[in-house]
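To start, the structure under review is shown below, and the notes come after it.
Below, read A as the first sequence line, B as the second, and so on, with proteins coming before strands; counting in each chain starts at 1.
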Protein chains: 2
Amino acid sequence: MKGKIFIIEDEASIVQLVQHNLEKEGFVVSSSLNGNEGLKELKKFEPNLLLLDWMLPDLSGIDVCKNIRRDSNFKTLPIIMLTAKGEEEDKIKGLESGVDDYITKPFSFNELHARIKAVLRRSDPNIVANNLTFEDLKLDRIEKRVFRADKEIQLGPTEFRLLEFFLTNPKRVYSRDQILETVWPNNVNVESRTIDVHIRRLRQSINIKDKKELIRTVRSSGYSLV
Amino acid sequence: MKGKIFIIEDEASIVQLVQHNLEKEGFVVSSSLNGNEGLKELKKFEPNLLLLDWMLPDLSGIDVCKNIRRDSNFKTLPIIMLTAKGEEEDKIKGLESGVDDYITKPFSFNELHARIKAVLRRSDPNIVANNLTFEDLKLDRIEKRVFRADKEIQLGPTEFRLLEFFLTNPKRVYSRDQILETVWPNNVNVESRTIDVHIRRLRQSINIKDKKELIRTVRSSGYSLV
DNA sequence: TTAATTTGTAATATTTCTGTAACATTAAGA
DNA sequence: TCTTAATGTTACAGAAATATTACAAATTAA
């Protein structure tokens, strides 16, 4: 789990390419082909970053952008604008209207990936960090290892992703639906109670006797790291 | 695999000479004849070092250089500038703009090779090192020999490259895709399960009884040296 | 050319992980 | 205190990932 990215872009081929590659990188990705629909879905999806095409069939990128900035929930949502060649002068307008970065089409995926990482590093460092820590918990994404109080802990793949997810936003309470959406591969249907079992497994692995419980149950809301 | 080198240089004869010799040395090389195109391809290629001509048809070397340094992914990419005789005064400017070294045309390949090694040795020692070691494992790239606890080990070519790859980044977990991409010659299509078999062969060769396993399996992620 | 080595794959075995169902426990309001 | 809904716990079967083996084709050495 490296965060959620939403794409609003009308060229299906671009969407497909970018979405596929981002998913390979571990992002959860959703997309829309036009502005109005995109705005709605985006607010449901709650991404960590938006890739926004400058020229859309219905709204202009700027309109979308302004709409988003009006919504208090998305005031700080990082936005990267996708512009076509020759629209360069518009970039200035774009940056003024609250865009964090832009990239000119055609672009290579690596260029885009670099910018995404740069923007996320500023807005939400944990999403791209190689090491996540919280109190005496440490998770190394490169070496795929987890430590509690400097003692290594063995986790199965799902428990690893689950902990990774909690570590990107410690203390925050996540509902089962939210957990499902980001920790499980897309379009998989699992019983929501299944999460309880994985929480239990994770708890069992990361708990040390005489040390406090790290995962808090918030009845009727979900779980959080604490 | 001794790393990837990108060349931006408009004189085709120089490119050909350098590229050919570098490939003979085991580098993976790609090149471009002008600045704008070069910048794009470079970012796709993700080299370990860039050879950059000072005078290009479209952009100056300095422009290219600045552009690269702006991109967070390439902030530390080592650059060696190729300058023509008489441009010496420019060298100072070049070094200021973030170039790591320069060489004056005409140069012999040996001169260039020496500088490349010197620059890489600073930035990414494992790429040029003749000997890679990790714990009691030793791999000699020159003599193509491998030792475990001072006892020589016989490896097939693929197992040798595989171990070489792991040794350039011990502890790091690599996915099967990543392994395939760098250990196997480009555009070869092999089943991803094939890697398991080679891992097994490598394990069988480098393991000594009573010594710990050196290759770690990370379920659903890949393998690492450990 | 023949012999020896190396490679990739398919088939099979083994290990580890996952999701679910069933039952137990807990918390909170009536 | 009783009731009920939510969460905790456990065990297990099927699934998924990896390990192992054998073999034929390809490559290299002799």
Whole angstrom value for the distance that separates P of D:dT7 from CG of A:Asp196: 7 Å
How long is the line joining CG of A:Leu162 and C1' of C:dC17, in whole Å? 14 Å
Restricting to salt bridge (charged side-chain N to carboxylate O under 4.0 Å, His left out), what partner residues turn up for A:Lys43, sequence neighbours left out? A:Asp71
Taking for each residue the nucleotide of DNA chain D bearing the nearest heavy atom, is the 5' side occupied by B:Arg200 or by B:Ser221? B:Ser221
Salt-bridge criterion met for A:Glu46 and A:Lys4 (N-O under 4.0 Å): no
For B:Arg69 and B:Lys75, indicate whether the former's side chain and the latter's backbone hold a donor-acceptor pair under 3.5 Å. yes
Heavy atoms within less than 4.0 Å of DNA chain D: which residues of residues 171-181 of chain B have one? Give them sorted by number. B:Arg176
Taking OP1 and OP2 of C:dG19, is either one under 4.0 Å from a side-chain nitrogen or oxygen of A:Trp184? yes
Give me the distances for all protein-to-nucleotides 4-6 of chain C N/O pairs that come in under 3.5 Å?
none

Atom-to-atom span, CG of B:Asn189 to C1' of C:dT7 - whole angstrom: 15 Å
Could you list the residues that satisfy side chain to side chain contact (heavy atoms under 4.5 Å, CB included) with A:Ile142, not counting sequence neighbours? A:Asn130, A:Asp140, B:Arg172
Go through A:Gln19 and A:Ser31 one step at a time and tell me if the side-chain hydrogen bond (donor to acceptor under 3.5 Å, both in side chains) criterion holds. CA-CA 8 Å; A:Gln19 178 152 4; A:Ser31 62; 3.2 Å; yes
Would you say A:Tyr223 reaches D:dG8's phosphate, i.e. side-chain N/O to OP1/OP2 under 4.0 Å? yes
Check whether any side-chain heavy atom of A:Phe27 lies under 4.5 Å from a side-chain heavy atom of A:His113, and answer yes or no. yes
Here the salt bridge (Lys or Arg N to Asp or Glu O under 4.0 Å) pairs for residues 107-126 of chain B, sequence neighbours left out, are B:Asp101-B:Arg115
In whole angstrom, give the distance that lies between atom CZ of B:Arg201 and atom C1' of C:dT7. 6 Å
All N/O contacts under 3.5 Å from nucleotides 26-28 of chain D to the protein, with atom names and distances to one decimal?
none

Please list, pair by pair, any protein nitrogen or oxygen found under 3.5 Å from a nitrogen or oxygen in nucleotides 21-30 of chain C.
from, atom 1, to, atom 2, distance (Å)
C:dT26, O2, A:Arg219, NH2, 3.2

Okay, side chain of B:Arg203, backbone of B:Leu214: is any donor-acceptor separation there less than 3.5 Å? no
What pairs with A:Lys40 under side chain to side chain contact (heavy atoms under 4.5 Å, CB included), at least two apart in sequence or on another chain? none
When the aromatic ring centroids of A:Phe166 and A:Phe134 are compared, is their separation below 6.0 Å? no
Can you give me every donor-acceptor pair (side chain of residues 218-226 of chain A, partner residue at least two apart or in another chain, under 3.5 Å) with its distance?
from, atom 1, to, atom 2, distance (Å)
A:Tyr223, OH, A:Arg176, NH2, 3.1

Between A:Arg203 and D:dG8, is there a contact of a side-chain N or O with OP1 or OP2 at under 4.0 Å? yes
Plane angle bin for A:Tyr174 and A:Phe165 - parallel if under 30°, tilted between 30 and 60°, otherwise perpendicular: tilted
Roughly, in whole Å, what's the span from CD1 in A:Ile199 to C1' in D:dG8? 12 Å
Quick check against the 3.5 Å criterion: does A:Glu213 have a side-chain atom that pairs as donor or acceptor with the backbone of A:Ile215? yes
Rounded to whole Å, how long is the line connecting atom CZ of B:Arg161 with atom C1' of C:dG8? 13 Å
Sequence neighbours left out, cut at 3.5 Å: what donor-acceptor pairs do the side chains of residues 143-153 of chain B make with other protein atoms?
from, atom 1, to, atom 2, distance (Å)
B:Glu143, OE1, B:Arg145, NE, 3.1
B:Arg145, NH1, B:Glu152, OE1, 2.9
B:Arg145, NH1, B:Glu152, OE2, 3.0
B:Arg148, NE, B:Asp136, OD1, 2.9
B:Arg148, NE, B:Asp136, OD2, 3.2
B:Arg148, NH1, B:Ile206, O, 2.7

Contact class for A:Thr217 (heavy atom, under 4.0 Å): base, sugar-phosphate, or nothing? sugar-phosphate
For the helix from C:dT1-D:dA30 to C:dA30-D:dT1, measure the angle between the helix axis at one end and the axis at the other, each built from five pairs, rounding to 10°. 30°
Listed partners of A:Glu25 passing salt bridge (charged side-chain N to carboxylate O under 4.0 Å, His left out), at least two apart: none
Base, sugar-phosphate, or nothing: which does B:Phe160 touch, judged by heavy atoms less than 4.0 Å apart? nothing
Would you kindly give the CG-to-P distance between A:Asn207 and D:dT9, to the nearest whole Å? 10 Å
side-chain contact (heavy atoms from CB on, under 4.5 Å) between B:Val18 and B:Phe107, intermediate numbers included: CA-CA 10 Å; B:Val18 172; B:Phe107 48 80; 4.2 Å; yes
Heavy atoms, side chains only, cut-off 4.5 Å: are B:His198 and B:Ile179 in contact? no
Tell me whether the OP1 or OP2 atom of C:dT20 has a side-chain N or O from A:Thr194 closer than 4.0 Å. yes
